[in-house]
Amino acid sequence: MSAQAEASPASSRPALADLLLSRIRDVPDYPKPGIAFKDITPLLADPEAFTALTDELAAFSLAQGATKVVGLEARGFILAAPVAVRAGMGFVPVRKAGKLPGATLSQSYDLEYGSAEMEIHAEDLSPDDRVLIIDDVLATGGTAEAAIQLIRRTGAQLAGLAVLMELTFLPGRERVTAALGEAPYQALLTV
């Protein structure tokens, strides 16, 4: 199934969407004036909401035939690690440059005002692995696109990308669906 055709489970599960949305707090003017930050810490603090989120993402990873889950620093770690445990598969972190010991593969990407770099331990993935990338928010898509490129460089297969929340007023979806190719994309919430 192409990335563009993947349906969001929130559209078919309004109770899940309502539960998750009710536990996300808007913080006005953070980190700077005019920005409304989507704070997921109340969701993480609520066992019912966090379990529902974990179960939904684990089901998606299993449906895609994933063998490993990759979480993007930092909140992607919080979501991806319990998904990996629930789905019975390994977890591999993608970190900011210089944070992983030993040999790594790195990928540069552009930010709004500059560039950054992320890294992965390539030996944690093999060509036999199908990797699902998990993150909390899809905004401009730069971080997710870099992670997609990084996973492909390891030789592993891409099982897809799943996020808790997509910010629809930013162009992230177009960017990541182009990078994903035929691999599916799932956003549990669109705001």
Side-chain angles (χ1 to χ4, degrees), residues 1-10 53-97 99-100 103-111 115-167 170-190:
M1 176 179 291
S2 76
Q4 293 83 353
E6 183 63 36
S8 169
L53 171 61
T54 301
D55 289 347
E56 189 68 24
L57 292 174
F60 182 71
S61 67
L62 290 168
Q64 302 315 313
T67 60
K68 298 263 175 81
V69 175
V70 161
L72 306 183
E73 189 167 340
R75 291 183 295 182
F77 294 175
I78 298 167
L79 303 183
V83 168
V85 170
R86 181 65 51 97
M89 53 188 73
F91 166 74
V92 179
V94 169
R95 301 221 46 200
K96 295 175 184 169
K99 300 290 185 181
L100 289 172
T104 60
L105 282 177
S106 64
Q107 182 69 44
S108 296
Y109 59 102
D110 291 329
L111 299 168
S115 63
E117 192 173 4
M118 59 175 50
E119 296 179 334
I120 191 169
H121 282 139
E123 70 270 9
D124 292 339
L125 298 175
S126 77
D128 294 331
D129 282 317
R130 286 187 48 80
V131 179
L132 179 71
I133 301 167
I134 295 179
D135 205 5
D136 64 328
V137 175
L138 179 69
T140 63
T143 305
E145 180 183 44
I148 291 165
Q149 294 168 351
L150 194 55
I151 298 308
R152 287 201 169 115
R153 288 182 51 217
T154 70
Q157 303 165 53
L158 190 62
L161 168 67
V163 298
L164 165 60
M165 179 177 14
E166 176 186 334
L167 304 179
L170 294 170
R173 177 182 284 258
E174 293 80 21
R175 189 173 185 176
V176 299
T177 55
L180 283 165
E182 293 299 312
Y185 165 70
Q186 177 189 57
L188 296 180
L189 303 172
T190 55

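In plain terms, the two heavy atoms of D124 and D129 that are nearest each other are O-OD2, 4.1 Å. Nearest heavy atom pair, residue E123 against residue A103, reads OE1-O, 3.9 Å. Here the shortest heavy-atom pairing between A87 and S61 reads CB-OG, 3.7 Å. Listed here is the closest heavy atom pair of A156 and L125: CB-CB, 4.1 Å. Between L57 and A162, the closest heavy-atom pair is CD2-CB, 3.8 Å.
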Show your reasoning for whether salt bridge (charged side-chain N to carboxylate O under 4.0 Å, His left out) applies to K99 and E119. CA-CA 8 Å; K99 300 290 185 181; E119 296 179 334; over 6 Å; no
Could you go through M89 and L62, starting from their C-alpha distance and side-chain angles, then the distance that decides it, and tell me whether this counts as side-chain contact (heavy atoms from CB on, under 4.5 Å)? CA-CA 9 Å; M89 53 188 73; L62 290 168; 3.8 Å; yes
With side-chain contact (heavy atoms from CB on, under 4.5 Å) as the test, would you mind laying out the steps for Q157 and V131 before giving the verdict? CA-CA 6 Å; Q157 303 165 53; V131 179; over 6 Å; no
List the steps, then state whether side-chain contact (heavy atoms from CB on, under 4.5 Å) holds for Y109 with M118. CA-CA 8 Å; Y109 59 102; M118 59 175 50; 3.8 Å; yes
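Inter-residue side-chain proximity for V163 and Q186 is flagged as unmet; no heavy-atom pair is nearer than 4.5 Å. When side chains are defined from C-beta on, Q64 counts as touching F60, because their heavy atoms get closer than 4.5 Å. Under the 4.5 Å side-chain criterion, counting only non-hydrogen atoms from C-beta, V69 is not in contact with V92. Taking 4.5 Å as the limit, some side-chain heavy atom of R95 sits within range of a side-chain heavy atom of F77. Using a 4.5 Å heavy-atom cutoff, the side chains of V85 and F91 are not in contact. Residues I148 and L180 are in side-chain contact: their nearest non-hydrogen atoms beyond the backbone lie under 4.5 Å apart. Within the 4.5 Å cutoff, side-chain heavy atoms of R152 are placed close to those of L158. For the pair P93/V70, no side-chain contact is recorded, criterion being any heavy-atom separation below 4.5 Å from C-beta on.
R173 places no side-chain N or O within donor-acceptor distance of the main-chain N or O of E166, the cut-off being under 3.5 Å. Distance alone, capped at 3.5 Å, places no donor-acceptor pair between the T104 side chain and the S106 backbone. Judged by distance alone, the side chain of T154 and the main-chain N or O of A122 form no donor-acceptor pair under 3.5 Å.
With hydrogens and angles left out, the side-chain atoms of Q107 and R153 include a donor and acceptor closer than 3.5 Å.
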Output side-chain donor-acceptor pairs under 3.5 Å for residues 132-147, partner residues at least two apart or in another chain, one line each.
residue : atom : partner : partner atom : Å
D136    : OD2  : R75     : NE           : 2.6
D136    : OD2  : R75     : NH2          : 2.8
E145    : OE1  : R175    : NE           : 2.7
E145    : OE1  : R175    : NH2          : 3.1

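Atom CD of E56 is separated from atom CG of L164 by 11.0 Å, given to the nearest 0.5 angstrom.
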